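To start, the structure under review is shown below, and the notes come after it.
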Amino acid sequence: MLIELVKTIIFFIGMGLVGLGAVFDLIGALGLLRFPNFFVRLHAATIGAIGGAVYPLIGVALMAPSLESFGQYRWYLMGGAIVTALFIVLAAPTGSHALARATHRAKVVPVEPKVVDHLEEDKG
Amino acid sequence: MGTREKILLALIIISLALLAVILSFGALGAVPLKTIRPLGSFYLYFMANNNIMIQEIYPSITKPSDFWAASTEGVTAILWDYRGLDTLFETSVFFFAIIGSVSVFRYYSASLEEKNKKNTNNSSINTKTSDQGLSLIVKLITRINFVVIIAVSASIAFHGQLTPGGGFQGGATLAVAPLLAIAALSRYFVEDVGLKKNTMLTIRTLGLLIIGLLALAPLIMGLVGGNPYIMENQPKSWAMFIGFPSFGLGVLLGSLAFYNMAELLAVGAGFTVVFLLLTLPEEFFKKILSREVGEQ
Amino acid sequence: MIEEYLEKILWTYMFFVMIATFGVSIYGIVFRPNMLKKIIALTIFGDTANVFMIFIGYRAIYPIKPPVLWTSHPDKNVLNTFVSQSIDPVPPALVITAIVINMAITLLITFLAIQAYRLYGSLDVRDLSKLKG
Amino acid sequence: MNLESLATTYVLIIIPVFLAAFIIYVIRAVKGPSIPDSVLAIDALSYDVAAFMIILAIYFKSPFLIPGAIILAIWAYALDIFVAKYYEKKELGE
Amino acid sequence: MFYLLHLVMLVLMMSIGFVFAFLAIMERDLLKAVVFSAGQAAAYVIVYYLLMSPDIVLAYAAIGVGIYSAVMIIAIKKTERYEKV
């Protein structure tokens, strides 16, 4: 009985995370569309990747134990979701970092709302 | 655009329009069928069947286990069992494409030796510094990700007969590890680890050899006792060698698991060879080519 | 009634989009001068052909599942339900072979293109066709 | 209403939001004045497609649809690293 | 209802694939063409997924998004970036 209650609560938390992820995804996409240049768009891309992909994946992992019709394969679903979430947490910021650094070095896009540019100063 | 190009373009447009008209009248099934085709139904019924139902559908079959592919996954059952020879030759095509690529870049070994010589002479300043590869963050995270990649590719390949996946898919996933290492850490790191061209060629040949031997095993056993057959997983009740060991419908199902592992080795090593060749510095090729042209 | 019409229109639209993609990629293969662009167009053509094959082998029913059994010891009911819901496994098996062979050929052509650039200094087919010897 | 049908209905409501986000990502990828913009958009698109695939597995009630997600995420990361390397270094192997 | 939503997703992804394919062919900058080609591959991955063939999703996601793009980027770096018209 208690286990059922805990499972149901976890299920609703998971549903909330999935919905939150969808909203974040839309916000990230709008930001990516509306922001003025590449270095500003990096923020929106982070919301799209972490908020839009990792949150729903964790949500699915929380929802999975209550999905009885999946049989024993619901643990497969849960494991796949967790591994993917873990990988995206590691990879998405790293990819953005590599892209931003390379773009800055190659001067493909000008750094426009610029107050101070430490990376430029470091390079000398 | 000349006359010839115009005629060619007109021909392309006409043939595509013809195809469109044919399709819109429903010739190839513009709306896909709702029923399953008999061949597909056959595969679906018999891929993991423990002697149930076969005699009801096909009363003429007396030994139901003759058609059993011992896999719960339809595509793998077809790939490595019912159409096993096709997959064997597909792997051979991949193998010979890589042989062709290696022979196109046949100056590889000479240039690598030259590079090594140069490094030892110059006390190897550019190969050991932090100048190689991308930034420190990328290097560290990429090293962490190798663990994830190798684990995922192994799980995809070794569960190929139970869940979607298989040898080729696992190998293509495994190939991302050397590729990321080449991009993020430089190819000298990869060669220092020991993933050299010749080692990879050996592993790849080993994989293909294992596949060939597995395919030929029933034939060799059959030549001894009579009734040989080739490359099939399902037990043949009329043959001397009645099939690979399949422990119920457990983890290890006949020969499919071995085929998948060998294919994982072959494909992963083949892609590593390709990327090692492709990322060779351009200056050595220029030097070698100019020398060869000068000699002539 | 309206759903049936809508269904037919949507499927036909998808086939037309596919044929348009065929046309664009054939244009790229035939008329673009750069060899790498030709290779990109060739890969797009191959992918679209594979999608076409899968479309033809698909079943237009709603509770539809991939051709993977859930249990390792199926009984009669499980097997009948499985066959009534699963897609045809033959086209995916053919397409996997096609994808691998496509990729092998593409790798070989790319190597040849790079070698041609090294030897002749150009990837433009109009320049390459003027060479002699 | 049991939890399963609740989950299916909920996912059905979620799907259009994801599709709208995909369309906006595609617009940015097509418009993107520079190549890093396009790469960023396609990158975010791939990660979200990976998440979308796992959510859709609940909708289709089939757990065997999920292993493609991690592969897509891995290769999107590789695409990032490669474009970054293209801009940063003279040779891709260095 | 369920079936129509499935079809609408398919139509959307096929259209996105066509847009990316068109841009990839018409673009003069080859690097941009490769990026668009990767986008087309990502769209086709969902098409394969919606057509219920997870094996092809596994193979095609690796090859279409990753290996083609990587090989082409290496080749462009070794040769030339802009297409002469």
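In what follows, every chain begins at residue 1, and chains take the letters A, B, ... in the order their sequences are listed. Predicted model only: the values in this text are computed from it and were never measured.
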Main-chain N/O of D:Ser38 paired with D:Arg28 side-chain donor or acceptor, under 3.5 Å: no

Engaged part of [X] at the chain A interface, taking heavy atoms whose separation is under 4.5 Å:
| X | result |
| --- | --- |
| D:Ile74 | both |
| D:Ile81 | side chain |
| D:Ile58 | both |

Quick one: pull up [atom1] in [X] and [atom2] in [Y] and give me the separation to the nearest 0.5 Å.
| X | Y | atom1 | atom2 | value |
| --- | --- | --- | --- | --- |
| A:Ile3 | A:Thr8 | CD1 | OG1 | 11.5 Å |
| D:Ile14 | A:Met15 | CD1 | CE | 8.5 Å |
| A:Leu20 | A:Ile13 | CG | CD1 | 12.5 Å |
| D:Leu40 | D:Leu45 | CG | CG | 11.5 Å |
| D:Ile54 | D:Leu65 | CD1 | CG | 10.5 Å |

Of the backbone (N, CA, C, O) and the side chain (C-beta and beyond), which part of [X] lies under 4.5 Å from a heavy atom of chain D, both, or neither?
| X | answer |
| --- | --- |
| A:Val83 | both |
| A:Tyr73 | both |
| A:Leu57 | side chain |
| A:Met63 | side chain |
| A:Phe11 | side chain |
| A:Ile27 | neither |
| A:Leu67 | both |
| A:Tyr55 | neither |
| A:Arg74 | neither |

What orientation do A:Tyr76 and D:Phe64 show, parallel under 30°, tilted 30 to 60°, or perpendicular over 60°? tilted

Indicate the ring-plane relationship of A:His104 and A:Phe39, choosing parallel, tilted or perpendicular according to the 30° and 60° boundaries. perpendicular

Heavy-atom pairs under 4.5 Å with chain D are the metric here; pick the option from [options] that has the most.
| options | answer |
| --- | --- |
| A:Leu32, A:Asp25, A:Leu77 | A:Asp25 |
| A:Leu26, A:Leu42, A:Thr94, A:Val109 | A:Leu26 |
| A:Gly14, A:Gly71, A:Ala44, A:Gly95 | A:Gly95 |
| A:Val18, A:Val108, A:Leu33 | A:Leu33 |
| A:Ala45, A:Ala92, A:Ser66 | A:Ala92 |
| A:Val54, A:Val60, A:Leu99 | A:Leu99 |

Leading residue by heavy atom contact count with chain A [cutoff under 4.5 Å; candidates [options]]:
| options | value |
| --- | --- |
| D:Ile23, D:Asp48, D:Leu79 | D:Asp48 |
| D:Ala78, D:Ala20, D:Ala84 | D:Ala84 |
| D:Phe22, D:Phe18, D:Phe52, D:Tyr10 | D:Tyr10 |

Does either side chain, that of D:Asp37 or that of D:Ser34, offer a donor lying less than 3.5 Å from an acceptor on the other one? yes

Nearest non-hydrogen partners of D:Tyr47 and A:Ala49, listed with the distance: CD1-CB, 3.9 Å

If you compare all heavy atoms of A:Ile58 against all heavy atoms of A:Ala85, which two are closest, and at what distance to 0.1 Å? CD1-CB, 4.0 Å

Run D:Tyr59 and D:Leu56 through side-chain contact (heavy atoms from CB on, under 4.5 Å) and show every step you take. CA-CA 5 Å; D:Tyr59 171 66; D:Leu56 271 188; 3.7 Å; yes

Might you work through the side-chain hydrogen bond (donor to acceptor under 3.5 Å, both in side chains) test for D:Ser46 and D:Asp43, ending with a clear yes or no? CA-CA 5 Å; D:Ser46 298; D:Asp43 202 32; 5.7 Å; no

